[in-house]
Amino acid sequence: MGRIELDDVTKRFGPETAVEDLNLDIEDEEFLVLVGPSGCGKSTTLRMIAGLETPTEGDVYIDGDHMNYRVPQNRDIAMVFQDYALYPHMTVRGNIGFGLEEEKGYTKAERGERVEEVAEMLGISELLDRKPDELSGGQQQRVALGRAIVRSPEAFLMDEPLANLDAKLRSEMRAELQNLQEMLEVTTVYVTHNQTEAMTMGDRIAVLDDGRLQQVGEPLELYHEPANRFVAGFIGEPMMNFLEGELDGGTLVTPYLDYSLDDDLRSAVGDATALTLGIRPEDIELEEFGGDPGSLGDHEYVMNVTVVEPHGNQNVVHLNHAGAEDEFDVLQAVTGGMEMLTVDEEVVVSIDPDLIHLFDGQSGQALHNRRMEAETELTQI
Amino acid sequence: MAQLELDHVTKVFQDDEEDEEIVAVDDVSIDIADEEFLVLVGPSGCGKSTTLRMIAGLETITDGEIRLGGRVLNDVRAQDRDIAMVFQSYALYPHMTVHENIAFGLEESTDLPDAEIDDRVHEATEMMGIDDLLERTPGELSGGQQQRVALGRAIVRDPDVFLMDEPLSNLDAKLRAEMRTELQRLQDQLGVTTVYVTHDQTEAMTMGDRIAVLDDGQLQQVGTPLECYHRPNNLFVAGFIGDPSMNFFPGEITDGTFVSDSIEYPLDDDTATDLDGQTEVTLGIRPEDVRVGEGSASDHTFEATVDVVEPQGDTNTVHLELDSGREFTATTNGRPKADEDDRVVVEFPPKAIHLFATRSGEALKNRDIEADQEVGNLLS
Amino acid sequence: MSQSRPTFDTASLVEDVSLTRIAQYILVVVFIGFFLVPLEAGFVTALKTNEAVARSLPFVPSLGDGFTLENLEFAFNQLRDSFVNSLLLALPATIVNVLLASMAAYGLTMVNWRGQLGFLILFLIGIFVPYQAVIVPLADFWNNIFPIAEMLAPTFAAIPLLAEYHSDLVPLIITDIAYGIPICTILFRSYYNSLPESLVEAAKIDGASIAKIYRRIILPISKPMFGVVFIYQFTQIYNEFLFAFTLIVAADAPAAPVTLLIPSLGASTSGINYGIRMSAAILAALPTILLYVAFAEQFAKGLRTESG
């Protein structure tokens, strides 16, 4: 069974610590995504599972076997590299078949059949006799996948395989990759810096920052119940809005607005006085401002529209204080594609206390997360 | 006066080995207004980079003219064109400090005294937020910082035109989103005509004043982002702009009804007249317009099975399959109630559909915009 | 590779004419002349009789009486046996040299092991060993300590097409290989450094051993580099004089390579016959020229890869 366990794994390169005290268990047949910004240690972790790096401390197990000192050749894993690493002098057939040569239990004829089987699965049967430099990026990527699949390994390791593809091709390949993995039922560890890929592809996501594991869980869990500010800010696009401030009595005072907290929220916060309020752009409600400041309710504020980013299916609205001299915007909100606000328009911004997150201002730990959305019922059509 | 005109610009490459001609850019004409942010967008190999390089003077022009402020640029050397370019790989001089990198262009192409060059460098780096990095070399900078230096180098020359060739593609997704907004603001503030090349339609939509969509060397459409989104000229633009992509169903018109291998969709009389006698027609509908729910099939409603649900957090991309096996996507809000293999019912609201002539790809009818939908104010 | 051809019209050609342009072209012509005239003179001299050489300017060809093919004929006859010697020497030496160097470079760049740096330094030092400093111990080694030439003489006698004296070339071959490895290794090393590491990593994951990775992945990809290094090293070994002189000693030794013979050709008590000298030089240069022509494309590709 392709279960992978990382126990207290640490990797140091001289004075630099790339990965620190990583504990992660990947289930058999699971699609786990390692995600995080550049330099967070995700690629290094993948390479330690592959055997291309050796852990400085800690242990790596694949299928219960201790792997630390085993060479990559003997780990029964397959890897897809970001630059595909296809053998340039071999045909597609040669590339895919190369790994099979070392596999026992195949006759030459069986190897040939297996290569053709995999090529057909990936839709590249007509390309078998071409060389890599005669293929497009998307085709090369499929050959790289084929090379991994053909060996029926215990686990697939993928290092940002879609990064070199056009945006459109990337979206298409995402769905294909997922389907493939489900069909083949192979444990997969997938590295990316793109949170959309992580959210849509992973059974579970492991977020790393600066060598440390921030949180592991299902996509929606990380989205609605982030463990800390880093995860909250990393997962979700456009990014969650953060307002930093100090708790004064029952009100969070920030440089841009004051937010009163009810008893429940106050008790959730405990002793912390430095707080960061988080609210996702899609959770902010916008309404036209009638002109009367007295009409504003609790948690409602008047703001100015500075930029409207049209995405077609939605608009991202940047908001700032009227007459603010700062360049940047205080909040970003999302509206439907058909609603169009204009620049410099004044709007009423409503931040529902049920939807806010609160983080410790110093440690970044999540003190309170929004209520998870109830599953919406299917509408009657 | 920095109006940039591309007049029937064509670029043909001779492949000596294969003895072939490759038409990289085919008769492209675009008028770019002063201070406009124009995005050239399209898939790999569509000719967008080649077009940019012709404007820069890094490629010769096979046919047609490029004019800047009325002056024909065709035979003007790159050095003499008063254009600044930001490359995808930044192309910073690795042996020079940030200060020297940014000052280089000024030293080579102007007679400015050192003191003034120094001032300008400081101004540019302050604007980019990198004035504390002036003495570092590129090797000591992060990707995002390098990109700002590349931008600073372009800004400081105060050129007539900025050219940017996929400057954000080497950045992390998060950094890219931040830089997008920053770049836009910057361009707004500086008021310099900008031509920006990307393959990413999100960048095009959010950054451009107008978008020029290219495919295979040919110009498909030039318009504002929302125009290209809601009123695409043809199948290509409709499928390229928008993520997730528009769903397409090729079929035929029989007796005022659209018939395909998967669905039958009755069209109202107004729509039928728009069709102008075309019979081979493709129906298009954007994922966010597809309604997913329960119920029974009717005129514009069909039964489908859920294939995969991709949760994005605030929305879900639902991959569905009609009984014929044809796949399509829908975008739904909130936590998904639909699971894999569930049977659901989907509605394609008649106001939201697009119709295209299948063979030519031309748009016959684009979606309706209601009077109360504010976006209509922005569409011509 | 595609290039864009500028449209050709006479008008722009004429427009282009300026003082700078003319000066540039004159300079180009002068330099071409500088390089080609000696070659042309040599070639032309080879075809002249001795009297014609005395009578005419070096680069002026001689027709009629002064023209002769005798010099070439004579030089060829004199050099015939030594050509065989030179090729017997240079071809095996270069092949083994290049193969070993590529393996060494592979081991130094694409495999990780302790003490690599030390070995690399040894190789670097090897490049700078001056030949002149080692000729005495070298001669001593091959003549007295390990007289492999003598030992192999009977074996060579038994091989068809070869003669007993050809075993004298063996010490020279081994010496040339040994002294050629450092520079060739460094050349290969820079090439291998430019290859993406992910290729080797992918092969490891595919299950290939270090040796198999070399054989099936690195070796085939190295073809352009092999072309470059082969041409370079063949030329070095073929043209090599000092070691040949030290080990083979005399121009009239039966195993003497071409380099030993050339200085003595055309010299006689009545003076130097330039016609013969030039013929010998041209004939001697032919193998390397032919080799370059045969591998020209590889050479160019290899150079491009180096700098790319």
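So you know, we letter chains A, B, ... as the sequences are listed, proteins then strands, and number each from 1.
Counting heavy-atom pairs under 4.5 Å between each of A:R170, A:M201, A:E339 and chain B puts A:E339 at the top. Among the candidates B:M205, B:E294, B:Q184, B:H319, the residue making the largest number of heavy-atom pairs closer than 4.5 Å to chain A is B:E294. Interface check for chain A: of the options B:D289, B:V308, B:V292, B:T301, the most heavy-atom pairs under 4.5 Å are formed by B:V292. Annotation: maximal heavy-atom pairing with chain A below 4.5 Å, among B:C228, B:S245, B:G45, B:A173, occurs at B:A173.
Inspection of the A:E197 and A:T192 side chains reveals an N or O donor paired with an N or O acceptor under 3.5 Å. There is a side-chain donor-acceptor pair under 3.5 Å between B:Q88 and B:S169.
Contacts between B:E327 and chain A at a heavy-atom distance below 4.5 Å are absent for every atom of the residue. Neither the backbone nor the side chain of B:R286 comes within less than 4.5 Å of any heavy atom of chain A. Using a 4.5 Å cut-off between heavy atoms, A:E172 makes no contact with chain B at all. Neither the backbone nor the side chain of B:L175 comes within contact range of chain A; no heavy atom of the residue lies under 4.5 Å from a heavy atom of that chain. With a 4.5 Å cut-off on non-hydrogen atoms, B:V345 touches chain A through its backbone and its side chain both. For A:L165, the part lying near chain B is the backbone, with the side chain staying farther off; criterion is any non-hydrogen pair under 4.5 Å. For a residue to count as touching a neighbouring chain, one of its non-hydrogen atoms must lie under 4.5 Å from one of that chain's; by this rule B:Q312 touches chain A with backbone and side chain alike. Within the 4.5 angstrom heavy-atom criterion, only side-chain atoms of A:V307, from C-beta onward, approach chain B.
Of all residues in residues 31-38 of chain A, those placing a non-hydrogen atom less than 4.5 angstrom from a non-hydrogen atom of chain B are A:P37, A:S38.
For the side chain to side chain contact (heavy atoms under 4.5 Å, CB included) with B:K48, the qualifying choice from B:V213, B:D215, B:V197, B:T198 is B:V197, the only one to do so. Under the side chain to side chain donor-acceptor pair (under 3.5 Å) rule, A:H357 has a single partner from A:N241, A:D283, A:N369, which is A:N369.
A salt bridge is absent between A:R370 and A:D352: the closest approach of a Lys/Arg side-chain nitrogen to an acidic carboxylate oxygen does not fall below 4.0 angstrom. Between B:K174 and A:E237 there is no salt bridge, since no side-chain N of the basic residue sits under 4.0 Å from a carboxylate O of the acidic one. Taking 4.0 Å as the cut-off between side-chain N and carboxylate O, B:E310 and A:R174 count as a salt-bridged pair. Of the charged side-chain nitrogens involved, at least one lies within less than 4.0 Å of a carboxylate oxygen, so that A:E30 and A:R204 count as a salt-bridged pair. Taking a cutoff of 4.0 Å between a charged side-chain nitrogen and a carboxylate oxygen, B:R180 and B:E203 do not qualify as a salt bridge.
In this structure, B:F328 has its ring center at least 6.0 angstrom away from the ring center of B:F248.
Under the rule for a ring pair (Phe, Tyr, Trp, His ring centres under 6.0 Å), the partners of B:Y265 that lie at least two apart in sequence or sit in another chain are B:H300.
Residue B:Q189 holds its CD atom at 8.5 Å from CD1 of B:I155, rounded to the nearest 0.5 Å.
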